[in-house]
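What follows is a set of notes on a single structure, which appears directly below.
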Amino acid sequence: MEALREALREGRPVAVWYEEGTLHFLVERGGRVEAFAYPAQGGFPSLSPEFPALEWFERDLWERHGLVPEGHPALKPLRDHRRPYPFDEVEGLHQVPVGPVHAGIIEPGHFRFHVLGERIFHLEIRLGYQHRGVLALFEGRRWDQALLLAERVGSEPVVHALAFAQAAEAALGWGVAPRGQALRIVYLELERAFQHLGHLAGLFTDIGYTYAATQVGRVRALLQGEVERLTGHRYGRGVVRLGGVWRDVPQGEAEASQRRIAGWRRELQGLLPGFLKDPMVLDRMRYVGVVTQAQALLLGMVGPAARASGVPRDLRQDEPAYAPFPLVVEEGGDVLARARVYAREALASLELVEKQLLRLPPGPVWTEGEGREGEAWARVEAPRGELFYWVRFRNGRVARAEVVDPSFKNWRGLALAVRGMGLPDFPLCNKSFDLSYAGCDL
C-alpha cells in the first residue's frame, strides 16, 4: 500500500468501497483522481492513524462488509444502531447528552459533549438515525427509477440527480444535449444560491439579527418561486434526466427570469456586505468554531467549510463551462468565514445563472443514449461540497451503486471546531457547517 500512502500524503481520499474481495480507493492528488485496488479478506491494516480522513471510511467498511481495519483508533458503528456503541469517556469531565430528538423540525442526531462548566473539551457525534439502506435500494432499478431515488438521498435533489446522471451517462455511453447541459448549470446554481441563502438566514436568526434574517429569507423565498417556475417543482425535483433535462426554458421566459434574478442579486449585493460587518455579527461569529487550513486538509474536508479554512478547491474549477471561474476562499476558518463564503458564493451563483440564461444554445434539451452497459463514477460540486456517485449497470438496470455525500467528510470538522467553545456556541457552529444527516446516513 505504499503507493496509496504516497498519494494520500499529497492528496485526499475521494471514495473508498469494497466488492468481491477487493478494496477500492480513489484519491485526488494535484487535481487528478488516482485509483488503487487491493485484495482484502476479513481485515486490512488501518490507515486512519496516519491519515485521519479515512477514519469514517474504515468504520463504514467494517460495519457494512465485516472488514476489520486493524489498528483503527476508534472502531465503532457508524450507522447501525443494532450494535453496541461505547461512547468515549474523558476522566474529570461532565457529559451532556443532546438528541437524537431536538426542538424544532430538524433531522435526528445525537451529540455527546464532554464539558468543564460550559466549556466543551470533546464532542462525539452519533448518527445513523435516518439510515434507510439507500444503496441497496438502487439495485435492480432502471435509470429513471434510480434517478428518482438519487433525488431523495439528501436535501439537494438537483445535484444528487445530476451526479447520478453523469455517472450513469458515462457507464451507458450516453451523451448530453448542449442546451440540456447549459440548463443543468442553471438549475444547479439556483439550488446552490437557494441553499446558501437559507444557511445565512439561519445564522442571522440564531444570533437574534432578525432584520438580516428576514431580508435574506425574503429573497430566498422569491428565488424558490423562480426555481418552481423554471423546473416545475419548488426544490427542482424531476428536472434532471439522462441525456440532459426534462424541462426547457423558452427564450422569452429565460430573459424574464434573467431580469428577475439580476434584480435580486443587486439587492443582495447591497445587503450582505453590511450585514456581515455588523457589530452583532462580528461579536457572535468571529473567532468562533475555528478550523485551521491544516486541520481541514487532515480531515479531508470539502466544499464551503473547507474553502472557509483557506483550502482553494472547488470542482467547478475543472469544468470548461464555468471558465473563468470565480473561486471563493476565506482564511479565518470560523463561523464568520463560513458565512462570508456562503454570501459570496450565492452572489457568484446568481451571476452564473444570469449569464447562462442569456446564452442558452439552440436545440433539444435531451438526447438518446447508445445502450451499452458498464460502470463509471462522477464527482459534482454540490452546495455542501464534493458529491461522489459510482454506478454499475447490468441488463439495463443498476447492479451496484456507491455514494459519498460531502457531509460524510465534514461532520468531524464540526467536532473539532467546537473544542474550547462554550455550549451556547454549538448551535451556531453546527448551523455554519450546513451538514446533512440524511445524506450521511444513507
Basic-acidic side-chain contact under 4.0 Å: [X], [Y]:
{"X": "R397", "Y": "E139", "answer": "no"}
{"X": "R400", "Y": "E19", "answer": "yes"}
{"X": "D60", "Y": "R79", "answer": "yes"}
{"X": "K355", "Y": "E189", "answer": "no"}

Geometric cation-pi criterion R5 and F51, 6.0 Å radius, 45° cone | no
Do the numbers put R83 on top of the ring of W62, so that NZ or CZ is under 6.0 Å from the six-membered ring centre and no more than 45° off the axis?
-> yes
Are E191 and E156 side-chain neighbours, meaning at least one heavy-atom pair lies under 4.5 Å?
->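 E191 reaches E156 side chain to side chain.
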Side-chain contact test, heavy atoms from C-beta onward, threshold under 4.5 Å: evaluate it for L172 versus F393 and give yes or no.
->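 Touching, per the 4.5 Å side-chain cut-off.
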Side chains of [Y] and [X]: any donor to acceptor distance under 3.5 Å?
{"X": "D88", "Y": "H122", "answer": "yes"}
{"X": "H114", "Y": "R112", "answer": "no"}
{"X": "Y18", "Y": "E402", "answer": "no"}

Would you call the rings of [X] and [Y] parallel, tilted or perpendicular, where under 30° means parallel and over 60° means perpendicular?
{"X": "W143", "Y": "W174", "result": "perpendicular"}
{"X": "W366", "Y": "W246", "result": "tilted"}
{"X": "W411", "Y": "F111", "result": "tilted"}

Could you check F36 against H24 for ring-ring contact (aromatic ring centres under 6.0 Å, His included), going step by step and ending with a plain yes or no?
-> CA-CA 6 Å; F36 301 86; H24 298 270; over 10 Å; no
Quick one: [atom1] on [X] to [atom2] on [Y], what's the gap to the nearest 0.5 Å?
{"X": "Q181", "Y": "Q356", "atom1": "CD", "atom2": "CD", "result": "9.0 Å"}
{"X": "L435", "Y": "E107", "atom1": "CG", "atom2": "CD", "result": "10.0 Å"}
{"X": "S349", "Y": "L188", "atom1": "OG", "atom2": "CG", "result": "7.5 Å"}
{"X": "L23", "Y": "Y38", "atom1": "CG", "atom2": "OH", "result": "10.0 Å"}
{"X": "Q195", "Y": "S436", "atom1": "CD", "atom2": "OG", "result": "9.5 Å"}
{"X": "D405", "Y": "Y389", "atom1": "CG", "atom2": "OH", "result": "8.0 Å"}

Return yes when atom CD of E2 has more than 12 non-hydrogen atoms of other residues, nucleotides or ligands closer than 6.0 Å, and no otherwise.
-> yes
In this structure, which one of L78, V68, L47, L67 forms a side-chain contact (heavy atoms from CB on, under 4.5 Å) with E58?
-> L47
Under the salt bridge (Lys or Arg N to Asp or Glu O under 4.0 Å) criterion, do E50 and R9 qualify, and how do the steps go?
-> CA-CA 9 Å; E50 188 177 355; R9 290 188 193 105; 3.4 Å; yes
Which is it for R384 and S155 under the side chain to side chain donor-acceptor pair (under 3.5 Å) test, yes or no, and what are the steps along the way?
-> CA-CA 10 Å; R384 292 183 170 99; S155 59; 2.9 Å; yes
What residue among H196, H199, R338 forms side-chain hydrogen bond (donor to acceptor under 3.5 Å, both in side chains) with D434?
-> H199
